[in-house]
Amino acid sequence: MKTKTIEELQQLSDEKLKQLALQRHKSGRRKSTTTALRAQLVLWRRAGEPFQSEAHWVRNHTETGVHF
């Protein structure tokens, strides 16, 4: 399948983007396809970029005495 551009992906529904975001390369289970990563980016932007690492939050909002 041809790799889709971000502009092409922005025209798709959330359901179709979720399907594309699950794509993996045939050679390995751990590697997402370029289209899958782009679909994840479009979904993330549509959601208002809400996701944050819990470790990042703890590091910046907990007084531990350690300065980063």
Side-chain angles (χ1 to χ4, degrees):
M1 183 166 101
K2 180 182 173 242
T3 302
K4 294 186 180 286
T5 65
I6 291 178
E7 291 77 22
E8 291 172 329
L9 292 171
Q10 289 173 337
Q11 306 301 318
L12 300 175
S13 68
D14 285 352
E15 290 302 316
K16 183 63 177 170
L17 286 172
K18 288 177 185 178
Q19 290 175 352
L20 290 173
L22 296 175
Q23 287 182 347
R24 301 282 188 245
H25 285 285
K26 291 180 183 178
S27 61
R29 292 182 4 205
R30 295 183 182 201
K31 294 183 179 180
S32 297
T33 63
T34 301
T35 298
L37 295 173
R38 289 177 181 172
Q40 292 170 21
L41 176 65
V42 171
L43 286 168
W44 181 63
R45 287 180 178 168
R46 283 186 186 176
E49 303 174 7
F51 310 109
Q52 181 174 336
S53 165
E54 183 178 346
H56 175 75
W57 189 91
V58 169
R59 182 181 72 226
N60 290 335
H61 296 91
T62 304
E63 292 186 23
T64 60
V66 178
H67 299 287
F68 294 95

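When a residue number appears, it is its place in the shown sequence, counting from 1.
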*For the pair Arg45 (side chain) and Gln40 (backbone), establish whether a donor and an acceptor sit closer than 3.5 Å, ignoring hydrogens and angles.*
no

*Under the 3.5 angstrom rule, does the side chain of Thr34 hit a backbone N or O of Thr3 as a donor-acceptor pair?*
no

*Compare every heavy atom of Ala36 with every heavy atom of Ala21, then report the nearest pair and how far apart it is.*
O-CB, 3.6 Å

*Between Arg46 and Gln10, what is the shortest heavy-atom contact and its length?*
NH2-O, 2.8 Å

*Would you say the side-chain atoms of Ser32 and Arg24 include a donor-acceptor pair closer than 3.5 Å?*
yes

If you measure from [atom1] on [X] to [atom2] on [Y], what distance do you get to the nearest 0.5 Å?
X	Y	atom1	atom2	answer
Gln11	Thr5	CD	OG1	9.0 Å
Leu43	Asp14	CG	CG	5.5 Å
Arg38	Glu7	CZ	CD	9.0 Å
Leu37	Gln23	CG	CD	10.0 Å

Going by heavy atoms in the side chains, are [X] and [Y] under 4.5 Å from each other?
X	Y	result
Lys31	Lys26	no
Leu12	Leu20	yes
Leu17	Leu9	yes

